[in-house]
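Here the structure comes first, spelled out in structure tokens, and everything after it is commentary.
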Protein chains: 2
Amino acid sequence: MNRTKEAFKAFVGVKRTNEYLESNVKKDVSRYGLNITEFAVLELLYNKGDQPIQHIKNRILIASSSTTYVVDKLVDKGYVDRRPDTNDRRISYAFLTEKGRELMVEIFPPHAELIKELFEELTDEELAAFRKTLKKISVKRAQTN
Amino acid sequence: MNRTKEAFKAFVGVKRTNEYLESNVKKDVSRYGLNITEFAVLELLYNKGDQPIQHIKNRILIASSSTTYVVDKLVDKGYVDRRPDTNDRRISYAFLTEKGRELMVEIFPPHAELIKELFEELTDEELAAFRKTLKKISVKRAQTN
DNA sequence: TAAAATTATCTCGAAACTGAAATAATTTGG
DNA sequence: CCAAATTATTTCAGTTTCGAGATAATTTTA
């Protein structure tokens, strides 16, 4: 088969795999009244600490206006709050409230377990090679907004 | 590193790679006033012939209500039309109009070329292994709606 | 050091997508 | 053979996401 067709199939494959993974994660997090984007933000704050809004946008790959929207949602739900940066007044940090932290302590471990299971068909070598290839494709990342 | 963390990174990697690929495709098709979903439908009809709405939904992985929405959009733009099935009156086929076909004749080849370039960092072997791994992950596919 | 450029966040209106339920047609099985 | 179940599509209201532009703060540069 020629290279163009192979590439096309790989493109579709990535889309399908992403869809497959996300539909599983979605099912998981919806039990807590969260959607994938909301969970991604909570997960980032939980594992990497307080983050400027800008940083959240870059990490979870959504438009800046969407970032404002998701953080607002999480603030409404009482899981997140905002705190202005003391040096640079343009910057606003998002951080987990006590309620948000308690939620993540409860739901993150089984979530990580689920993700592990989604990849269980792969050998260690396969998983490592897969990650390497993914990186190779998307190194010089595109920037949105 | 432990398996759970590896899996988690692979999960994020798939998401990023998908985002990277889609942002490139988006840039390409937006020049013709199309979004990715619309293009995916046109591409399906162009390469696989007329399709029942149901089939479109399964192929491009969106909710049935979204399928109606996208096809409506393409009908409005004059690229697609609907035709009822003569045997089973529940079924409606979507097909390319002459205008739609002309558009695809023009834009599909450079589009395929773009996709090929997005994977050009990979050797033939790497690309083949990558496709195999993608399939392995998402074999028993989840069904939406 | 003041004007210009850049950076961070938010507002707003519109587009895209979804789930639940409605409608209509077909198939199944008791 | 008909009631119940299934299948295909659409409608509708609501949610999520976006792009363009506004606002405000900081940095650059001439």
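Numbered from 1 within each chain, the chains take letters A, B, ... in sequence-line order. This is a predicted model, so every value here is computed, not measured. Scope of the values below: all heavy atoms of this structure, side chains included, with no hydrogens, waters or symmetry mates.
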Original post:
Applying side-chain hydrogen bond (donor to acceptor under 3.5 Å, both in side chains), which residue pairs with at least one partner in residues 102-112 of chain B are found, sequence neighbours left out?
Top reply: B/Asp28-B/His111
Original post:
Can you find an N or O donor on one side and an acceptor on the other, under 3.5 Å apart, linking the side chain of A/Arg90 with the base of C/dT9?
Top reply: no
**OP:** May I ask you to decide if B/Ser138's main-chain N or O and A/Thr17's side chain share a donor-acceptor pair within less than 3.5 Å?
**Re:** no
Original post:
Is B/Thr68 near enough to D/dT9 that one of its side-chain N or O atoms lies under 4.0 angstrom from OP1 or OP2?
Top reply: no
Subject >> Spacing between A/Ile91 atom CD1 and D/dT23 atom C1', to the nearest angstrom >> reply: 16 Å
**OP:** List the steps and the verdict of salt bridge (Lys or Arg N to Asp or Glu O under 4.0 Å) for A/Arg82 and A/Asp72.
**Re:** CA-CA 9 Å; A/Arg82 284 183 169 89; A/Asp72 282 349; 2.9 Å; yes
Original post:
Are any of A/Gln54's side-chain N or O atoms less than 4.0 Å away from OP1 or OP2 of C/dT9?
Top reply: yes
Original post:
When you measure from the side chain of A/Thr133 to the backbone N and O of A/Ala129, does any donor-acceptor pair fall under 3.5 Å?
Top reply: yes
Original post:
Which residues, if any, of residues 29-47 of chain A bring a heavy atom under 4.0 Å of DNA chain C?
Top reply: none
Original post:
Is any side-chain nitrogen or oxygen of B/Tyr69 closer than 4.0 Å to OP1 or OP2 of C/dC17?
Top reply: no
Original post:
Excluding sequence neighbours, so at least two apart, what forms salt bridge (charged side-chain N to carboxylate O under 4.0 Å, His left out) with B/Glu43?
Top reply: none
Original post:
Does C/dG19 have OP1 or OP2 sitting under 4.0 Å from an N or O in the side chain of A/Lys26?
Top reply: yes
Original post:
Can you list every pair that meets ring pair (Phe, Tyr, Trp, His ring centres under 6.0 Å) and has a residue in residues 41-75 of chain B, with sequence neighbours left out?
Top reply: B/Tyr46-B/Phe108
**OP:** Check each residue of residues 70-89 of chain A for a non-hydrogen atom within less than 4.0 Å of any atom in DNA chain D, then write out the ones that pass by number, or none.
**Re:** A/Lys73, A/Asn87, A/Asp88, A/Arg89
Original post:
Would you say D/dG19 has OP1 or OP2 under 4.0 Å from some side-chain N or O of A/Ser65?
Top reply: no
Original post:
the helix from C/dT1-D/dA30 to C/dG30-D/dC1: angle between its terminal axes, five pairs each, to 10°?
Top reply: 30°
Original post:
For D/dC18, does OP1 or OP2 lie under 4.0 Å from any side-chain N or O of A/Lys57?
Top reply: no
